Amino acid sequence: MLNSFDILETIKMIEDEHLDIRTITMGISLLDCISGDINMTADKVYDKITRKAEHLVKTGESIEAELGIPIIHKRISVTPISMIGAASDANSYVPLAQALDRAAATCGVNFVGGFSALVQKGFAKGDEILIRSIPEALAETELVCSSVNVASTKAGTNLDAVRMMGEVIRQTAELTADRQCIGAGKLVVFANAVEDNPFMAGAFHGVGEADCVLNVGVSGPGVVHSAIQRAGEDCSMNEIADIIKKTAFKITRMGQLVGSIASERLGVPFGIVDLSLAPTPAVGDSVARILEEVGLECCGTHGTTAVLAMLNDAVKKGGVMASAAVGGLSGAFIPVSEDEGMIHAVNEGSLYLDKLEAMTAVCSVGLDMIAIPGDTPAETISAIIADEAAIGVVNNKTTAVRVIPAIGKKVGDELEFGGLLGSAPVMDVHPFSAAKFIRRGGRIPAPMHSLKN
């Protein structure tokens, strides 16, 4: 039972501290849409998505109105499209991306994820076709998001795929240069991708999932920041961790409530709550500002990785008790363009790409929404991906790269996306080449600790 204090506290969190449900994401299997004709498959994809997700947005809006809890995005994820297109003889899967885009627009959702391929150990039929289709697909659609998994702890790193993705990211940015290179902002490269992630751009519906399932992603950096601020400067670090755990429990409890109601009304199984702290460009809704409230003068200075590790762990410990099933990426996100404090730290000269890479070893996902100079070579982008994949593979965690070559821009310039994607200051990269390493190709073997059967 909720008492009056719980109710008033929740109202304050929503009104003053930016608490929200970041997304309800419906995962839909498209395996029964496969056919030998790409256009027939596209029609089946459109029909199934619009049938299954017909009431998703309306249901989310009704829950918002009844509970007073903001649900920022309603999204759809689907089976990796490389698997769906493989039965056809098509040499491009752009028609499938266009079908996804039309379906998302018809349903009224914000994004659809799953223009994806899983190539950590090699390329199956359809994988290379999908990867080569990504630049055109993301340039010709508005709502489609794409991801490619190039590494895993069990398989090692597919360096051929890493090389391809450096080229694809550049091509995608170039094709959308007139729109702030947004295509690259809808493309993420993973190591150890998970099957039940509700967050874009990396969401896809895993083959081990049910035919249709509902996943929820919660947020609330502002709530955690306010709780630490109220505690004052005399708290020890274990007291701070305890405060974060209790706050994460309250945030996740809301996600469990919303997910349960939405699942029941839509008649689909409830999957997981992703208990991540996902920031927004709004002042007061920043992961970087949490780290600074703990005691750092500016995010990126020495001590940042240690504080972030504590934050990530405390969020998971607190949230796991509040939900029937926790999954997805769960932890603290550090996307530069979407976090007002991260943007400030970059502009102050405190936060660099190398430090962000170190931070990704202890938090959710990886190098996220980072603008790099427009003349960055494809091999350098591939090397950034390889480094981040190594962190994920060796540490047996999900890592990812979502970098945006800012075509025509240099360090100190900015890309403006608007909305939740915010704005990205262009960050410097190392000038020395890794091209010879990337051109070697092949596969970096899995580490010894992959043998845990």
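Throughout, numbering of the chain's residues begins at 1 and tracks the sequence. Just so it is clear, the structure is predicted and the values come from calculations on it, not from any experiment.
The environment of CE in M321 is sparse: at most 12 heavy-atom neighbours from other residues, nucleotides or ligands sit within 6.0 Å. In the displayed structure, F123 atom CZ is contacted under 6.0 Å by more than 12 heavy atoms of other residues, nucleotides or ligands. Summarising the local packing, CD of E233 is surrounded by 12 or fewer heavy atoms from other residues, nucleotides or ligands at distances under 6.0 Å.
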Could you go through the side chain to side chain contact (heavy atoms under 4.5 Å, CB included) check for E293 and S226 one step at a time? CA-CA 9 Å; E293 190 61 42; S226 294; over 6 Å; no
Hey, mind stepping through E195 and V207 against side chain to side chain contact (heavy atoms under 4.5 Å, CB included) and telling me if it holds? CA-CA 8 Å; E195 296 191 339; V207 294; 4.1 Å; yes
Given M369 and L421, is the side chain to side chain contact (heavy atoms under 4.5 Å, CB included) satisfied, shown in steps? CA-CA 8 Å; M369 288 304 289; L421 297 180; 4.1 Å; yes
Decide side chain to side chain contact (heavy atoms under 4.5 Å, CB included) for T141 and V112; before the verdict, give the C-alpha distance in whole Å, the side-chain angles of both, and the deciding distance to 0.1 Å. CA-CA 11 Å; T141 60; V112 55; over 6 Å; no
Worked check of salt bridge (charged side-chain N to carboxylate O under 4.0 Å, His left out) between E338 and R402: CA-CA 12 Å; E338 300 172 22; R402 185 164 46 151; 3.5 Å; yes
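Minimum interatomic distance between V346 and P425 (heavy atoms only, all atoms of both residues): CG1-CG, 3.7 Å. Counting all heavy atoms, side chain and backbone alike, T176 lies closest to A184 at OG1-N, 4.4 Å. Annotation for S82 and G126: closest pair CB-O, 3.8 Å, computed over non-hydrogen atoms. The two atoms that bring A151 and V393 nearest to each other are CB-CG2, 3.8 Å, heavy atoms only. Closest heavy-atom contact between T247 and A227: OG1-CB, 3.6 Å. Summarising the geometry of V426 relative to E414, their closest heavy-atom pair is CG2-N, 4.2 Å, with the distance given to 0.1 Å.
By the side chain to side chain contact (heavy atoms under 4.5 Å, CB included) test, K317 pairs with K245, D313, sequence neighbours left out. Partners of D196 under the side chain to side chain contact (heavy atoms under 4.5 Å, CB included) rule, at least two apart in sequence or in another chain, are V194, E209, N215, I272. Residues passing the side chain to side chain contact (heavy atoms under 4.5 Å, CB included) test with A231, sequence neighbours excluded: C235, I243. For F417, there are no ring pair (Phe, Tyr, Trp, His ring centres under 6.0 Å) partners at least two apart in sequence or on another chain.
If you take OG on S337 and CD on Q180, they are separated by 11.5 Å, rounding to the nearest 0.5 Å. Taken to the nearest 0.5 Å, the CD1 atom of I81 stands 8.0 Å off from the OG atom of S116. Taken to the nearest 0.5 Å, the NE2 atom of H205 stands 12.0 Å off from the CD1 atom of I76. Here the CG-CD distance, from L367 to E357, works out to 6.0 Å after rounding to the nearest 0.5 Å. Note that the CD atom of E140 and the CD atom of Q98 stand 5.5 Å from one another [nearest 0.5 Å]. We find the CD1-CD1 distance between I261 and I69 to be 7.5 Å, quoted to the nearest 0.5 Å.
No donor-acceptor pair under 3.5 Å is formed between the side chain of S323 and the backbone N or O of Q256. The closest donor-acceptor contact from the side chain of N110 to the backbone of K74 lies under 3.5 Å. In this structure, the side chain of R22 does not engage the main chain of L277 through any donor-acceptor pair within 3.5 Å. Here the side chain of S350 pairs a donor or acceptor atom with the backbone of C299 at under 3.5 angstrom. Counting only distance, with no hydrogens or angles, the side chain of R289 and the backbone of P221 share no donor-acceptor pair below 3.5 Å. D285 places no side-chain N or O within donor-acceptor distance of the main-chain N or O of P279, the cut-off being under 3.5 Å. The closest donor-acceptor contact from the side chain of S62 to the backbone of T59 lies under 3.5 Å. The closest donor-acceptor contact from the side chain of S133 to the backbone of Y93 lies under 3.5 Å. Within the 3.5 Å criterion, the main-chain N or O of D47 finds a donor-acceptor partner in the side chain of T50.
Side-chain contact between D428 and L353 is absent, with no heavy-atom pair separated by less than 4.5 Å. K48 places none of its side-chain heavy atoms less than 4.5 Å from the side chain of V78. At a threshold of 4.5 Å between non-hydrogen side-chain atoms, the residues L100 and L96 do not count as touching. Here the side chains of I84 and L31 are in contact, with some heavy-atom distance below 4.5 Å. With a 4.5 Å cut-off on side-chain heavy atoms, V365 and T360 do not count as touching. Residues I381 and I372 meet the side-chain proximity criterion, which asks for heavy atoms closer than 4.5 Å. Contact of the C212 side chain with the M26 side chain is registered, since non-hydrogen atoms from C-beta on lie closer than 4.5 Å. The shortest side-chain heavy-atom distance between I444 and V162 does not fall under the 4.5 Å cut-off.
The side-chain hydrogen bond (donor to acceptor under 3.5 Å, both in side chains) contacts involving residues 294-308 comprise T305-K355, where partners must be two or more places apart or lie in separate chains. Pairs of residues two or more places apart, or lying in two chains, that qualify as salt bridge (Lys or Arg N to Asp or Glu O under 4.0 Å) and include a residue from residues 263-278 are E66-R265.
Between the side chains of D339 and S286, a donor-acceptor pair is found at a separation under 3.5 Å.
If you run side chain to side chain donor-acceptor pair (under 3.5 Å) between N192 and each of N395, N149, T153, only T153 comes through.
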